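Below is one structure, written out as structure tokens; the observations come after it.
Keep in mind that this is a model prediction, so the values were computed, not measured. Lettering follows sequence order; numbering is per chain, from 1.
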Amino acid sequence: MSLKESFREEVKRRVDAALKGMQASPIYEMESPDSDIADLAIPCFGLAKQLRRSPMVIAEELASLIEADGPIQEVKALNGYLNFRMDQHALFDDTLKGIIRDGQDYGRGKRKGIKINVEHTSTNPTGPIHVGRARNPIIGDTLSRCLRMCGYDVETEYYVNDVGKQVVLLTWGVNNIDPSSVDKSDRDKDDHQLVFYYRVANKRMEEEPSVQAEIASMLQRFEDGDPEVIELVRETAEKMMAGLKATLRSIDVELDVYTWESKYIADGSAKDVVRRLKETPYCGMEDGAAYLELKDFGIHGKNTRFTFTRNDGTTLYTTRDLAYHLDKFGRCDRAIDVLGEDQKLGNQQLIIALEILGSEKKPEPMFYSFVSLPEGKMSTRRGTVVYLDDLIDEAVERAYEEIGKRRDDLSEEQMRGIARTIGVGAVRYNIVRVQPEKQLTFRWNEALNFDGNSAPFLQYSYARACSMLRKAGDFQPVQDSHLLEDDFEKRLLRSLSRFPEVVRESGEERKIHAMAAYGQELAASFNQFYAAVPVLSSKAERDSRLTLVLCTRTVLANVLHCLGIGAPEEM
RNA sequence: GGGCGCGUGGCCUAGCUGGAUAUGGCAGCAGCCUCCUAAGCUGCAGGUCGGGGGUUCGAAUCCCUCCGCGCUCGCCA
């Protein structure tokens, strides 16, 4: 049990005993207020009714009945609250020891032996990743890292939609449109080149009935299993995917598994799902198409039908998605899907259908709202997009300029390397710092913010700590906090002690923005300490303070690691 | 129209399983490099927590209602 847990237990034990002495039933809340007020507080308002006395009086009475010793350093009544302070030095010593002992594993939860599959990104291979969708890989990757830190075995997976009209349309375009009639991207990446074919193909399909017919027949041949068309589509999708993977790599996102949707047609599992669904009592037919009636499952709206075959018996995306999830469940204990908010209804239907199929596992969706532009929604088809590649380039370039303003002692290569770390970090942090369900409007000046609540702020603090430790040379770490008496030092120690709880919250409750907020808090505590307390020039306290810097560096590194953001040793 | 989500200082945001003066940041103003990286630090200013009802000792938080924004309601993916 951690020190904080045993403190909590002890408080509970003593409050229970005191209430018993007052002939009151021990029904009360325990909360953690701001750390400058108390470590643990019990509001006495609820007890006031029971005891027919004012909360202030009750708090005073309880305070007089409870002695401060052991893990409890102080008991105080204030404003109708009974406030407890834990033995700070015990906590601080414990924190320092823990960080020095565990290093990069400080805050890591116990290995759980539970395998979680996190599916994320999964954007259609019809165009480059744009900022509207960029939340997906960044949220997915960050969540995966936080879950690993919690002690789960995590596998990340990209579900490639290589089936259906969109990708066939693109394939038609690539193979039938005269390249000289298509705009060229100045970026030498297949996803950027190919998207122009996609746009032209879309336009021509809308305008020319002959093109529409051609694409329809191609789609038909694809679904009939024509190897020639399948090969062509696969080729195009592979090219697109190579571009998408390169983009992901540039923001330090790599996925463990790529699963192609066409697999579930080829291996017959999608057909199998159709067969099984048709045997259920919820199945109905309309004009030859099979559907599930979901009105008894809490689905509202005009249409409670979940159609799972076309009238020619071929499968739909949702059918294959069912087969995919059943397959995935066989490979993990839990499955988390990071999805755009447009998938909400579909996902709800998917979960019900899985239940009808008798699946014991359910996917756990995590939704995010789309990023829009000030002038409206982003659209690959219309070309009203900001591409992630362009955002990254711009961010890295900006970071490079900033380094140039500050440093003249670095090589070109060093500057480029640091610029990349900072630029990419800034973009990732900016997305992860807000709750996923908040709708976001993309603005260049906000996306490229390097001050305040930003990745460079955390990175700067880390680099600062590194620099101090470099200058300090060898020293003996002091795993004892008795020389750290300053308020700035105490606040920093308190922040450091909170990290394990933040790991738990970010993974277990899937609040990855809590990790970002914590990083900001820790960096701020450190910078304040830095400004107020001399370290290298101090005498008796030097080793103690250097230990504090060392521990801060370790925890900042762990935070940045959870966020998937690089930790530059200088900047 | 139905469902789901969001609405917090000029802008972004935390808090939302009810509790003490509503958290940070950006932009603004005023200071701080003879000391460990000023991408930093200190201070000032800025709030009807969308509006209105209700529940409660207590509401940003729960309930009702209205308003605004987003997503969605395909034999698309």
Side-chain angles (χ1 to χ4, degrees), chain A residues 29 31 33-34 37-38 41 43-46 48-49 54-55 78-81 83 124 126 161 163-167 261 286-291 298-305 307-314 316-318 320-321 340-346 348 367-370 372 377 399 402-403 405-407 422 426 430 433-435 437-441 443 445-446 449-461 463-472 511 513-514 516-517 520-521 523-524 526-538 545-546 549 570-571:
Chain A
E29 303 280 315
E31 47 187 75
D34 284 347
I37 300 175
C44 300
F45 308 97
K49 205 172 226 173
S54 85
L78 182 68
N79 304 333
Y81 288 85
N83 289 337
N124 283 350
T126 48
N161 302 129
V163 178
K165 203 171 184 177
Q166 304 306 313
V167 72
E261 186 181 343
E286 187 180 25
D287 302 332
Y291 65 87
I299 297 285
H300 307 278
K302 286 180 198 157
N303 194 351
T304 58
R305 288 182 180 180
T307 306
F308 61 91
T309 74
R310 295 195 181 86
N311 59 13
D312 61 3
T314 55
L316 297 167
Y317 170 81
T318 41
R320 287 166 240 133
D321 207 14
E341 59 178 340
D342 56 338
Q343 309 278 325
K344 275 186 191 172
L345 178 62
Q348 210 182 343
F367 296 106
Y368 63 92
S369 301
F370 290 119
S372 60
K377 211 172 151 177
E402 292 297 320
I403 300 164
K405 282 187 211 162
R406 294 156 221 267
R407 302 289 293 264
I422 293 170
N430 231 288
R433 59 179 252 268
V434 300
Q435 276 181 22
E437 50 274 13
K438 288 254 192 198
Q439 36 193 289
L440 228 89
T441 304
R443 292 187 181 88
N445 61 333
E446 286 171 14
N449 172 38
F450 288 179
D451 301 317
N453 191 9
S454 71
F457 179 80
L458 312 206
Q459 293 171 318
Y460 183 74
S461 309
R464 201 175 227 182
C466 290
S467 166
M468 291 169 86
L469 291 164
R470 267 195 306 273
K471 288 193 173 147
K511 287 184 177 173
H513 61 281
Q520 143 80 22
E521 174 202 309
F526 178 65
N527 285 329
Q528 284 156 16
F529 157 78
Y530 174 88
V533 183
V535 176
L536 296 181
S537 60
S538 63
R545 289 178 180 165
L546 278 168
V549 175
E570 55 182 327
M571 62 187 271

Testing the basics here: between Thr309(A) and Ala290(A), what is the closest heavy-atom pair and its distance to 0.1 Å?
OG1-N, 3.0 Å
What distance, rounded to whole Å, do you find between the two P atoms, one in rA77(B) and one in rA60(B)?
48 Å
What's the gap between rG58(B) and rA22(B) when it is taken at their C1' atoms, as a whole Å value?
15 Å
Using a cut-off of strictly less than 4.0 Å, decide whether Tyr317(A) has a side-chain nitrogen or oxygen near OP1 or OP2 of rC75(B).
no
For a quick test of reading the model: is some side-chain N or O of Lys344(A) closer than 4.0 Å to OP1 or OP2 of rC73(B)?
no
With sugar-phosphate meaning primed atoms plus P, OP1 and OP2, does Ala532(A) contact a base, only sugar-phosphate, or nothing at under 4.0 Å between heavy atoms?
nothing
For rA77(B), take OP1 and OP2 only and decide whether either is under 4.0 Å from a side-chain N or O of Arg310(A).
yes
Return the value, rounded to whole Å, for the distance between atom CG of Asn527(A) and atom P of rU42(B).
9 Å
Atom CD of Gln439(A) and atom C1' of rG50(B) are separated, to the nearest Å, by 14 Å
For Glu286(A), which contact category applies under a 4.0 Å heavy-atom criterion: base, sugar-phosphate, or nothing?
base
With sugar-phosphate meaning primed atoms plus P, OP1 and OP2, does Asn79(A) contact a base, only sugar-phosphate, or nothing at under 4.0 Å between heavy atoms?
base
For the pair made of CD in Gln435(A) and C1' in rG24(B), what is the distance, rounded to whole Å?
14 Å
Might you point out which heavy atoms bring Met571(A) and Pro456(A) nearest each other, and give the distance in Å?
CE-O, 3.8 Å
Atom CE of Met468(A) to atom P of rC35(B): distance rounded to whole Å?
15 Å
Scanning all shown strands, the Watson-Crick or wobble mate of rA14(B) with both distances under 3.5 Å is none
Kindly say if Gln528(A) contacts the phosphate of rU42(B), meaning a side-chain N or O under 4.0 Å from OP1 or OP2.
yes
Side chain of Lys511(A) only, please: which of rA77(B), rG15(B), rC12(B) is the nearest?
rG15(B)
In whole angstroms, the gap separating C1' of rU13(B) from CZ of Arg433(A) amounts to 6 Å
Could you check which of rG40(B), rC71(B), rC75(B) has an atom nearest any side-chain atom of Arg464(A)?
rG40(B)
For a quick check of understanding: with a heavy-atom distance under 4.0 Å over all strands, which category does Phe457(A) fall into, base, sugar-phosphate or nothing?
sugar-phosphate
Using Watson-Crick geometry (N1-N3 plus N6-O4 or O6-N4) or G-U wobble (N1-O2, O6-N3), each under 3.5 Å, rC29(B) is paired with rG43(B)
Re rC76(B): Watson-Crick or G-U wobble partner, both distances kept under 3.5 Å, found to be none
Is the shortest side-chain N/O distance from Arg545(A) to OP1 or OP2 of rC36(B) below 4.0 Å?
no
In whole angstrom, give me the gap between the P atoms of rG70(B) and rA45(B).
37 Å
Which atom of Ala426(A) lies closest to which atom of Phe450(A), heavy atoms considered:
CB-CE2, 3.6 Å
Which nucleotide in the set rU13(B), rA77(B), rC75(B) lies at the smallest distance from any side-chain heavy atom of Ala289(A)?
rC75(B)
Mind checking the P distance from rG9(B) to rG52(B)? Whole angstroms is fine.
15 Å
Does Arg464(A) make a cation-pi contact with Phe526(A), if we ask for NZ or CZ under 6.0 Å from the ring centre and within 45° of the axis?
no
Might you point out which heavy atoms bring Gly340(A) and Phe367(A) nearest each other, and give the distance in Å?
O-CD2, 3.6 Å
On a whole-Å scale, what distance lies between the C1' atoms belonging to rU8(B) and rC69(B)?
15 Å
Which nucleotide, if any, forms a Watson-Crick or G-U wobble pair with rC71(B), using both distances under 3.5 Å?
rG3(B)
For Asn161(A) and Asn124(A), work out which heavy atoms get closest and say how close.
OD1-OD1, 2.7 Å
Mark yes when over 12 heavy atoms from residues, nucleotides or ligands other than Glu31(A) sit less than 6.0 Å from its CD; otherwise mark no.
yes
Touch check for Ala517(A), heavy atoms < 4.0 angstrom, all strands: base, sugar-phosphate only, or nothing?
nothing
Pairwise P distance, rC66(B) and rC71(B) [rounded to whole Å]:
22 Å
Taking rC44(B) as the reference, what is the distance to rU23(B) when you measure between their P atoms (whole Å, please)?
13 Å
With the side chain of Asp342(A) defined as its heavy atoms from C-beta on, choose the nearest nucleotide among rC36(B), rC71(B), rA14(B).
rC71(B)
Could you let me know what rU61(B) is paired to, Watson-Crick or G-U wobble, both distances under 3.5 Å, or none if it's on its own?
none
If you measure from the C1' atom in rC35(B) to the same atom in rC41(B), how many Å do you get, rounded?
14 Å
Selection from rG25(B), rC41(B), rC75(B) that lies nearest to any side-chain heavy atom of Ala531(A)
rC41(B)
Mind calculating the distance between CD (Glu402(A)) and P (rG40(B)) to the nearest angstrom?
10 Å
Leu536(A) has a side chain; which of rC26(B), rA77(B), rC36(B) sits nearest to it?
rC36(B)
Would you indicate which nucleotide in rC41(B), rC36(B), rC12(B) comes nearest to any side-chain atom of Glu446(A)?
rC12(B)
Taking the six-membered ring for Trp, are Phe370(A) and Tyr368(A) parallel (under 30°), tilted (30 to 60°) or perpendicular (over 60°)?
perpendicular
Between rU13(B), rC57(B), rC75(B), which nucleotide gets closest to the side-chain atoms of Lys49(A)?
rC57(B)
Check the distance between rC16(B)'s P and His513(A)'s NE2 and give it to me in whole angstrom.
9 Å
Length of the line joining Asn445(A):CG and rG28(B):P, which is rounded to integer Å:
12 Å
Which nucleotide in the set rC73(B), rC75(B), rC36(B) lies at the smallest distance from any side-chain heavy atom of Leu345(A)?
rC73(B)
RNA chain B: Glu437(A) or Glu31(A), which has the more 5' nearest nucleotide?
Glu437(A)
Syn/anti label of rC33(B) as read from its glycosidic torsion, with the cut at 90° from 0
syn
Please determine, for the side chain of Glu341(A), which listed nucleotide (rC36(B), rA77(B), rC71(B)) has the closest atom?
rC71(B)
Note: for Ser369(A) and Glu570(A) on RNA chain B, the residue whose nearest nucleotide lies more 5' is Ser369(A)
Can you name the closest pair of heavy atoms from Asn83(A) and Ile37(A) and give their distance?
ND2-CG2, 3.9 Å
Taking 4.0 Å as the cut-off, does a side-chain nitrogen or oxygen of Lys438(A) come that near to OP1 or OP2 on rC12(B)?
no
